[in-house]
Amino acid sequence: MPELPEVETIRRSLAHVVDVKIKTLRLSRLAPVETTTPTRVRRELSGAKLMAWQRWGKYLLMETDRGVQLVLHLGMSGQLRFFAKEAPPAPKHTHLELHLSDGALLRFVDARRFGTLSLSWGEERRDNPFLARLGPDYFDPKVTPKVFVGRCRRHPKLSLKAMALNQGVAAGLGNIYACEALYRAELDPRRLVGATKDQELAAFLKQSRATLAEGIQRGGVSMRDYFDGLGHRGVMKEFLRVYDREGTPALDGRGLVHRIVQNARSTFFVPEVQQ
DNA sequence: GCGATCCTGGCC
DNA sequence: GGCCAGGATCGC
């Protein structure tokens with residue numbers, strides 16, 4: 001569900017939830033705890049003080065004063081919500097609750113359980129197997145066009161769509177923003193990386209950043225499940241040019257949107273515009 | 001590389 | 001009842 005802009009919007013909405021201790025922690029039996037154990041999560045985080053919220057691609061990182069970080073991935077349907085006081089009763093599929101020392105509550109809910117909870121220590125965070133495989137964030141300043149092109153070139157046989165969704169190349173694009181960025185860069189999602197010029201890959205990077213930045217500015221895309229940490233919806237859906245517009249003109253009127261299936265995911269594109 | 005797979009819920 | 005969904009890993 002949430003792609004980079006949605007996770008960033010959540011991060012920003014929780015920026016004030018710091019300098020407070022975790023008084024108690026509740027983990028459900030079905031909590032998607034990965035690469036560690038519920039016992040360890042409880043032991044490491046109980047009594048820890050929240051220091052900062054970071055983001056890497058679609059991962060949200062909760063830093064504590066103990067050096068341990070909670071690494072959260074929201075999968076397709078995950079939601080993280082903050083309640084300053086008087087939280088409503090826990091809905092179905094509540095997997096984690098952090099009761100804070102000032103009476104506030106952080107609640108992680110994820111019906112489909114595609115999300116994950118894991119832990120990480122250390123600056124580089126490479127001890128966490130999820131983060132270890134992750135390419136640099138799309139907004140990482142170290143990702144120059146040259147660096148990006150080099151990373152793409154490791155996968156000459158991937159389609160541009162598959163490359164865009166590959167979090168090892170660069171982290172943050174999901175199905176919606178991948179379609180939008182390819183449209184803006186005027187690149188055919190079926191084309192192979194190996195058949196794409198450096199300059200075109202660089203254009204894709206540039207348009208990806210522009211699309212992601214607009215997504216953040218508009219508070220993300222709220223299809224159905226997505227809300228920020230305070231329960232607000234984003235309005236980016238109204239500004240998507242091709243995603244979910246099969247059979248209708250692109251939002252900017254440059255042609256009819258087609259839908260195809262690539263790697264079992266829908267791709268929306270305009271063949272006349274994207275070569 | 002690609003399809004199957006994890007899971008629940010909403011919509012037709 | 002069947003299909004589809006904002007993700008990512010795992011086999012083949």
Side-chain angles (χ1 to χ4, degrees), chain A residues 1-10 28-35 55-60 71-80 91-95 108-118 128-135 137-138 152-182 189-195 208 211-212 214-216 218-228 233-247 259-268:
Chain A
M1 152 214 176
E3 308 181 25
L4 185 155
E6 289 73 35
V7 179
E8 176 63 16
T9 302
I10 292 171
S28 81
R29 213 152 39 90
L30 286 176
V33 175
E34 299 290 334
T35 77
R55 183 191 55 72
W56 183 356
K58 303 172 193 173
Y59 288 84
L60 193 60
V71 179
L72 207 59
H73 192 293
L74 302 181
M76 292 275 246
S77 55
Q79 300 179 4
L80 186 64
K92 222 172 154 181
H93 310 299
T94 294
H95 298 306
F108 173 60
V109 181
D110 181 17
R112 291 178 75 180
R113 266 186 285 141
F114 285 2
T116 57
L117 302 168
S118 58
N128 179 297
F130 295 114
L131 303 183
R133 298 162 177 242
L134 212 54
D137 189 87
Y138 264 93
C152 290
R153 293 273 172 240
R154 299 179 194 177
H155 308 276
K157 291 187 175 167
L158 282 183
S159 65
L160 293 181
K161 177 68 184 310
M163 178 276 290
L165 292 180
N166 186 317
Q167 304 297 302
V169 173
L173 289 177
N175 209 32
I176 295 178
Y177 292 94
C179 292
E180 295 294 312
L182 285 163
R190 298 165 294 188
R191 210 202 299 179
L192 300 186
V193 170
S208 294
T211 310
L212 293 167
E214 186 184 345
I216 294 168
R218 300 198 188 282
V221 174
S222 289
M223 299 291 284
R224 62 170 73 112
D225 294 335
Y226 170 72
F227 300 88
D228 72 10
R233 299 172 66 84
V235 298
M236 181 63 182
K237 184 173 187 345
E238 298 163 40
F239 298 88
L240 298 177
R241 300 180 190 180
V242 291
Y243 186 84
D244 207 19
R245 296 183 65 88
E246 182 184 16
R259 184 180 85 96
I260 57 172
V261 175
Q262 295 179 282
N263 305 91
R265 316 286 307 274
S266 289
T267 297
F268 298 89

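Each chain gets a letter, A, B and so on, in the order the sequences are listed, and its residues count up from 1. The structure presented is a predicted model; accordingly, all values stated were derived computationally and were not measured.
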Quick check on [N]: is either OP1 or OP2 less than 4.0 Å from any side-chain nitrogen or oxygen of [X]?
| X | N | result |
| --- | --- | --- |
| A:H93 | B:dG9 | yes |
| A:S77 | B:dC7 | no |
| A:R265 | B:dG3 | no |
| A:Y177 | C:dG6 | no |

What does the list of N/O pairs under 3.5 Å between the protein and nucleotides 1-3 of chain C look like, with a distance for each?
none

Proximity to the side chain of [X] - top-ranked nucleotide from [options]:
| X | options | value |
| --- | --- | --- |
| A:M223 | B:dC7, C:dG6, C:dA8 | C:dG6 |
| A:E3 | B:dG9, C:dA5, C:dG7 | C:dG7 |
| A:S266 | C:dA5, C:dG6, B:dT8 | C:dA5 |
| A:F114 | C:dA8, C:dG6, C:dG7 | C:dG7 |

Can you tell me the distance, in whole Å, between the [atom1] atom of [X] and the [atom2] atom of [N]?
| X | N | atom1 | atom2 | answer |
| --- | --- | --- | --- | --- |
| A:E34 | C:dG7 | CD | C1' | 13 Å |
| A:H73 | B:dC7 | NE2 | P | 18 Å |
| A:R154 | B:dG1 | CZ | P | 14 Å |

* Hey, does the Lys NZ or Arg CZ of A:R218 hover above the aromatic six-ring of A:F239, less than 6.0 Å from the centre and inside 45° of the axis? ->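 Here A:R218 passes the 6.0 Å and 45° test against A:F239.
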Donor + acceptor pair across side chains of A:T116, A:H73 (<3.5 Å) =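 No donor-acceptor contact under 3.5 Å links the two side chains.
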Report task. Have a look at A:H155 and say if it touches a base, only the backbone sugar-phosphate, or nothing, with a 4.0 Å heavy-atom cut-off. Result ->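 No contact.
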> How long is the gap from OG on A:S28 to NE2 on A:H93, to the nearest 0.5 Å?
Replying inline: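 Here the interatomic distance stands at 10.5 Å.
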Could you measure the distance from the OG1 atom of A:T211 to the OH atom of A:Y138? Nearest 0.5 Å is fine.
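Answer for the OG1-OH pair, A:T211 versus A:Y138, is 10.5 Å.
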Pairwise N/O distances under 3.5 Å, protein to nucleotides 9-12 of chain C:
| residue | atom | partner | partner atom | Å |
| --- | --- | --- | --- | --- |
| C:dC10 | OP2 | A:R133 | NH2 | 3.4 |

When the P atoms of C:dG11 and B:dC7 are compared, how many Å lie between them, rounded to an integer?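 Rounded to whole Å, the distance is 16 Å.
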### Message
Work out how far the P atom of B:dG3 is from that of C:dC4, and round it to whole angstrom.
### Response
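My reading of the P atoms in B:dG3 and C:dC4 gives 15 Å.
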Of A:R259, A:Q262, A:R190, which is the lone residue that meets side-chain hydrogen bond (donor to acceptor under 3.5 Å, both in side chains) with A:T267?
->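 Of A:R259, A:Q262, A:R190, side-chain hydrogen bond (donor to acceptor under 3.5 Å, both in side chains) with A:T267 is met by A:Q262 alone.
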